[in-house]
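What follows is one structure encoded as C-alpha coordinates, with my remarks underneath.
Sequential numbering from 1 along the given sequence is applied to the chain's residues.
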Amino acid sequence: MVYFSKRLLLVFVLMDFISLSNSIQNDSDVESRMDFLQSSMDRMEHRILTLTKTVNRLSKRKKDEHVMFYATLSSDTVLNINSIVKFNEIQFDEGADFNSGDGVFVSPVSGVFMFSWTTLTYSGKSIDTELRVENVVKAKQIISLGSSAGSIQSTQFVICKVNEKDHVWIQTGAGFTTENFFDHLFKGSKSSFMGILLHVV
(Lines give C-alpha, C1' and ligand atoms only; values in the text may rest on other atoms or scores of the structure.)
Protein backbone atom coordinates (compact mmCIF):
# COMPACT_ATOMS: atom_id res chain seq x y z
CA MET A 1 0.00 0.00 0.00
CA VAL A 2 2.82 2.35 0.85
CA TYR A 3 4.53 1.42 -2.37
CA PHE A 4 1.34 2.16 -4.32
CA SER A 5 0.93 5.52 -2.58
CA LYS A 6 4.47 6.47 -3.47
CA ARG A 7 3.86 5.54 -7.09
CA LEU A 8 0.64 7.55 -7.12
CA LEU A 9 2.38 10.54 -5.61
CA LEU A 10 5.11 10.25 -8.19
CA VAL A 11 2.50 10.25 -10.95
CA PHE A 12 0.90 13.42 -9.55
CA VAL A 13 4.30 15.09 -9.33
CA LEU A 14 5.10 14.15 -12.90
CA MET A 15 1.74 15.46 -14.08
CA ASP A 16 2.33 18.75 -12.27
CA PHE A 17 5.79 18.98 -13.80
CA ILE A 18 4.45 18.33 -17.30
CA SER A 19 1.71 20.91 -16.77
CA LEU A 20 4.25 23.41 -15.49
CA SER A 21 6.55 22.69 -18.42
CA ASN A 22 3.73 23.27 -20.90
CA SER A 23 2.84 26.51 -19.15
CA ILE A 24 6.45 27.66 -19.29
CA GLN A 25 6.63 26.69 -22.95
CA ASN A 26 3.42 28.60 -23.72
CA ASP A 27 4.72 31.65 -21.88
CA SER A 28 7.95 31.35 -23.80
CA ASP A 29 6.03 31.19 -27.10
CA VAL A 30 4.06 34.31 -26.18
CA GLU A 31 7.23 36.16 -25.24
CA SER A 32 8.88 35.08 -28.50
CA ARG A 33 5.89 36.28 -30.48
CA MET A 34 5.87 39.56 -28.58
CA ASP A 35 9.58 40.00 -29.23
CA PHE A 36 9.06 39.25 -32.92
CA LEU A 37 6.14 41.70 -33.10
CA GLN A 38 8.15 44.42 -31.35
CA SER A 39 11.08 43.83 -33.70
CA SER A 40 8.76 44.03 -36.73
CA MET A 41 7.26 47.28 -35.44
CA ASP A 42 10.73 48.74 -34.88
CA ARG A 43 11.73 47.86 -38.43
CA MET A 44 8.51 49.34 -39.80
CA GLU A 45 9.00 52.52 -37.79
CA HIS A 46 12.56 52.82 -39.12
CA ARG A 47 11.36 52.36 -42.71
CA ILE A 48 8.63 54.98 -42.26
CA LEU A 49 11.15 57.42 -40.78
CA THR A 50 13.58 56.81 -43.64
CA LEU A 51 10.81 57.26 -46.21
CA THR A 52 9.67 60.50 -44.53
CA LYS A 53 13.21 61.88 -44.60
CA THR A 54 13.58 60.93 -48.25
CA VAL A 55 10.29 62.62 -49.20
CA ASN A 56 11.24 65.77 -47.26
CA ARG A 57 14.66 65.85 -48.89
CA LEU A 58 13.21 65.45 -52.38
CA SER A 59 10.57 68.10 -51.69
CA LYS A 60 13.21 70.56 -50.47
CA ARG A 61 15.43 69.78 -53.45
CA LYS A 62 12.53 70.37 -55.83
CA LYS A 63 11.84 73.71 -54.15
CA ASP A 64 15.52 74.64 -54.12
CA GLU A 65 15.82 73.98 -57.84
CA HIS A 66 13.63 77.03 -58.56
CA VAL A 67 15.48 80.09 -57.29
CA MET A 68 15.35 83.28 -59.34
CA PHE A 69 14.74 86.98 -58.90
CA TYR A 70 14.47 90.11 -61.00
CA ALA A 71 14.41 93.64 -59.55
CA THR A 72 14.56 97.15 -60.99
CA LEU A 73 15.08 100.74 -59.86
CA SER A 74 11.96 102.81 -59.32
CA SER A 75 13.57 106.24 -59.75
CA ASP A 76 16.67 108.06 -60.94
CA THR A 77 19.52 107.48 -58.48
CA VAL A 78 22.91 109.08 -57.92
CA LEU A 79 25.40 107.16 -55.79
CA ASN A 80 28.87 107.83 -54.46
CA ILE A 81 31.66 105.24 -54.46
CA ASN A 82 31.26 101.91 -52.63
CA SER A 83 27.48 102.24 -52.38
CA ILE A 84 25.05 99.33 -52.71
CA VAL A 85 22.53 99.82 -55.50
CA LYS A 86 19.10 99.26 -53.93
CA PHE A 87 16.97 97.77 -56.68
CA ASN A 88 13.70 98.39 -54.86
CA GLU A 89 11.09 97.08 -57.32
CA ILE A 90 10.77 93.30 -57.26
CA GLN A 91 9.39 92.19 -60.60
CA PHE A 92 9.79 88.47 -59.99
CA ASP A 93 10.94 86.40 -57.05
CA GLU A 94 10.58 82.60 -56.86
CA GLY A 95 12.18 80.66 -54.05
CA ALA A 96 14.62 83.49 -53.56
CA ASP A 97 15.47 85.85 -50.77
CA PHE A 98 15.98 89.20 -52.46
CA ASN A 99 15.53 92.15 -50.13
CA SER A 100 14.24 95.21 -51.95
CA GLY A 101 14.98 97.30 -48.87
CA ASP A 102 18.74 96.90 -48.99
CA GLY A 103 19.22 95.46 -52.49
CA VAL A 104 20.88 92.29 -51.20
CA PHE A 105 20.13 88.71 -52.27
CA VAL A 106 20.68 85.96 -49.67
CA SER A 107 21.05 82.56 -51.30
CA PRO A 108 18.78 79.87 -49.83
CA VAL A 109 21.00 77.08 -51.23
CA SER A 110 24.54 76.33 -52.31
CA GLY A 111 24.71 76.28 -56.09
CA VAL A 112 25.94 77.74 -59.34
CA PHE A 113 24.13 80.95 -60.25
CA MET A 114 23.98 83.22 -63.24
CA PHE A 115 23.70 86.89 -62.33
CA SER A 116 23.28 89.89 -64.58
CA TRP A 117 22.74 93.56 -64.05
CA THR A 118 21.85 96.38 -66.39
CA THR A 119 22.82 100.00 -65.88
CA LEU A 120 21.10 102.81 -67.74
CA THR A 121 22.55 106.31 -67.90
CA TYR A 122 22.62 109.31 -70.22
CA SER A 123 24.85 111.83 -71.95
CA GLY A 124 27.93 113.00 -70.05
CA LYS A 125 27.36 110.58 -67.16
CA SER A 126 29.22 107.52 -65.89
CA ILE A 127 28.47 104.41 -63.88
CA ASP A 128 31.05 102.10 -62.31
CA THR A 129 29.50 98.94 -60.78
CA GLU A 130 30.55 95.52 -59.60
CA LEU A 131 28.87 92.33 -58.42
CA ARG A 132 29.98 91.11 -55.01
CA VAL A 133 29.49 87.77 -53.26
CA GLU A 134 30.26 88.00 -49.55
CA ASN A 135 32.11 91.24 -50.38
CA VAL A 136 34.32 89.55 -52.99
CA VAL A 137 34.20 91.15 -56.44
CA LYS A 138 33.08 88.63 -59.08
CA ALA A 139 32.61 90.99 -62.05
CA LYS A 140 32.76 94.67 -62.96
CA GLN A 141 31.03 96.96 -65.44
CA ILE A 142 31.88 100.53 -66.44
CA ILE A 143 29.88 102.78 -68.72
CA SER A 144 30.98 106.34 -69.49
CA LEU A 145 29.13 108.43 -72.06
CA GLY A 146 30.10 111.48 -74.07
CA SER A 147 28.11 114.69 -73.99
CA SER A 148 25.97 113.80 -77.03
CA ALA A 149 25.59 110.03 -76.50
CA GLY A 150 21.98 110.10 -75.37
CA SER A 151 20.62 107.39 -73.07
CA ILE A 152 22.43 104.05 -73.22
CA GLN A 153 22.23 100.87 -71.19
CA SER A 154 24.88 98.23 -70.61
CA THR A 155 24.52 94.68 -69.26
CA GLN A 156 27.06 92.41 -67.60
CA PHE A 157 26.74 88.66 -66.96
CA VAL A 158 28.58 86.42 -64.53
CA ILE A 159 28.34 82.73 -63.55
CA CYS A 160 29.70 81.81 -60.14
CA LYS A 161 29.31 79.44 -57.22
CA VAL A 162 27.39 80.76 -54.22
CA ASN A 163 27.15 79.06 -50.84
CA GLU A 164 23.98 78.83 -48.78
CA LYS A 165 23.35 82.08 -46.86
CA ASP A 166 25.89 84.00 -48.95
CA HIS A 167 25.03 87.65 -49.63
CA VAL A 168 25.08 88.94 -53.21
CA TRP A 169 24.67 92.56 -54.32
CA ILE A 170 25.60 95.24 -56.82
CA GLN A 171 27.59 98.23 -55.63
CA THR A 172 29.44 101.14 -57.15
CA GLY A 173 33.18 100.89 -57.61
CA ALA A 174 35.92 102.54 -55.63
CA GLY A 175 37.61 104.98 -57.96
CA PHE A 176 36.28 105.55 -61.48
CA THR A 177 33.71 108.20 -60.53
CA THR A 178 32.22 109.64 -57.38
CA GLU A 179 28.90 110.37 -59.13
CA ASN A 180 27.21 107.31 -60.55
CA PHE A 181 24.05 108.38 -62.38
CA PHE A 182 21.42 105.65 -62.72
CA ASP A 183 18.56 106.47 -65.07
CA HIS A 184 15.64 104.33 -63.92
CA LEU A 185 13.58 104.45 -67.13
CA PHE A 186 14.06 105.31 -70.80
CA LYS A 187 11.57 104.06 -73.41
CA GLY A 188 10.80 100.96 -71.34
CA SER A 189 14.42 100.21 -70.39
CA LYS A 190 15.37 100.14 -66.70
CA SER A 191 18.42 99.63 -64.53
CA SER A 192 17.97 96.13 -63.15
CA PHE A 193 19.48 93.17 -61.29
CA MET A 194 18.63 89.49 -61.72
CA GLY A 195 19.83 86.06 -60.59
CA ILE A 196 18.98 82.50 -61.61
CA LEU A 197 20.02 79.23 -59.98
CA LEU A 198 21.52 76.94 -62.64
CA HIS A 199 21.99 73.90 -60.41
CA VAL A 200 22.39 72.94 -56.78
CA VAL A 201 25.79 71.74 -55.49
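- Looking only at atom types and distance, the side chain of N163 has no donor-acceptor partner in the side chain of K165 under 3.5 Å away.
- Of all the heavy atoms in A149 and S123, the pair that sits closest is N-OG, 3.3 Å.
- For the residue pair S192/T72, the side-chain donor-acceptor check at 3.5 Å is not satisfied.
- Using a distance-only test at 3.5 Å, with no hydrogens or angles considered, a donor-acceptor pair links the side chain of T77 to the main chain of S75.
- Side-chain N/O atoms of S126 and T177 include no donor and acceptor closer than 3.5 Å.
- Judged by distance alone, with hydrogens and angles left aside, the side-chain atoms of N88 form a donor-acceptor pair with the main-chain N or O of S74 at under 3.5 Å.
- Using a 4.5 Å heavy-atom threshold, the side chains of E89 and K190 count as touching.
- In this structure, the side chains of L145 and K125 stay at 4.5 Å or more apart for every pair of heavy atoms.
- Counting all heavy atoms, side chain and backbone alike, L79 lies closest to T172 at CB-CG2, 4.0 Å.
- Contact annotation: the side chain of S154 approaches that of Q141 to within less than 4.5 Å [non-hydrogen atoms, C-beta and beyond].
- Residues V106 and D166 fail the side-chain proximity criterion, which asks for heavy atoms closer than 4.5 Å.
- With contacts defined as side-chain heavy-atom distances shorter than 4.5 Å, the pair F182/V85 qualifies.
- In this structure, the side chain of E130 does not engage the main chain of I170 through any donor-acceptor pair within 3.5 Å.
- Legend: residues meeting side-chain hydrogen bond (donor to acceptor under 3.5 Å, both in side chains) with T129, ordered by chain and number and at least two apart, are W117.
- Counting only distance, with no hydrogens or angles, the side chain of T121 and the backbone of F181 share a donor-acceptor pair below 3.5 Å.
- Partners of K138 according to the salt bridge (Lys or Arg N to Asp or Glu O under 4.0 Å) rule, which considers only residues two or more places apart in sequence or in another chain, do not exist here.
- In the hydrophobic clustering, V137 connects to no other residue, as no ILVMFWY side-chain heavy atoms lie under 4.5 Å from its own.
- Taking the six-membered ring wherever Trp is involved, the centroid distance between the rings of F193 and F69 falls below 6.0 Å.
- Counting only N and O atoms by type, the side chains of H66 and E94 include no donor and acceptor under 3.5 Å apart.
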Can you give the donor-acceptor pairs under 3.5 Å from side chains of residues 194-201 to other protein atoms, not counting sequence neighbours?
none

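- Applying the ring-ring contact (aromatic ring centres under 6.0 Å, His included) test to F115 and every residue at least two apart in sequence or in another chain returns F113.
- Proximity of D102 to I84: side-chain heavy atoms (C-beta onward) are nowhere separated by under 4.5 Å.
- Connectivity analysis of hydrophobic side chains (ILVMFWY, heavy atoms under 4.5 Å, direct or indirect) links I142 to F176.
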